[in-house]
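First the structure, in the form of structure tokens, and then the observations on it.
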Amino acid sequence: MKSLGEAWRAGLARRAQRAASIRDAALRQPGAEHHALTARDLIRMAQSALAASEPRS
């Protein structure tokens with residue numbers, strides 16, 4: 001059980017870091033309009049990044 005909790009927290013930390021990286025990259029794009037990202041935007045971007053990084057069977 002302990003290792004399951006640790007794995008879940010590690011996955012959550014990776015997803016949060018990935019979302020932050022995507023947000024930062026979006027804000028650095030030249031000519032991009034500056035707007036505050038909502039929690040829903042961040043979740044959607046994190047899910048998209050996660051889906052793109054998963055191996056396809």
Side-chain angles (χ1 to χ4, degrees):
M1 265 319 206
K2 184 178 178 182
S3 61
L4 180 61
E6 290 172 357
W8 183 83
R9 283 190 295 278
L12 181 61
R14 281 193 304 272
R15 288 188 298 273
Q17 180 61 39
R18 192 175 297 134
S21 297
I22 291 169
R23 181 193 64 224
D24 291 344
L27 292 176
R28 283 192 303 252
Q29 288 180 352
E33 291 183 23
H34 177 74
H35 68 280
L37 295 173
T38 64
R40 184 170 292 179
D41 293 332
L42 294 174
I43 291 168
R44 191 176 298 123
M45 287 189 292
Q47 288 172 335
S48 176
L50 182 61
S53 68
E54 291 177 346
R56 301 192 196 288
S57 334

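Treat the numbers as computed from the prediction; the structure is a model and nothing was measured.
Listed here is the closest heavy atom pair of Ala49 and Ile22: CB-CD1, 3.3 Å.
Between the side chains of Asp41 and Thr38, at least one donor-acceptor pair of N or O atoms lies under 3.5 Å.
The CZ atom of Arg18 sits 13.0 Å away from the CE atom of Met45 when rounded to the nearest 0.5 Å.
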* To do: Check the pair Ser21, Asp24 against side chain to side chain contact (heavy atoms under 4.5 Å, CB included), reporting the backbone distance first and the verdict last.
  => CA-CA 5 Å; Ser21 297; Asp24 291 344; 5.8 Å; no

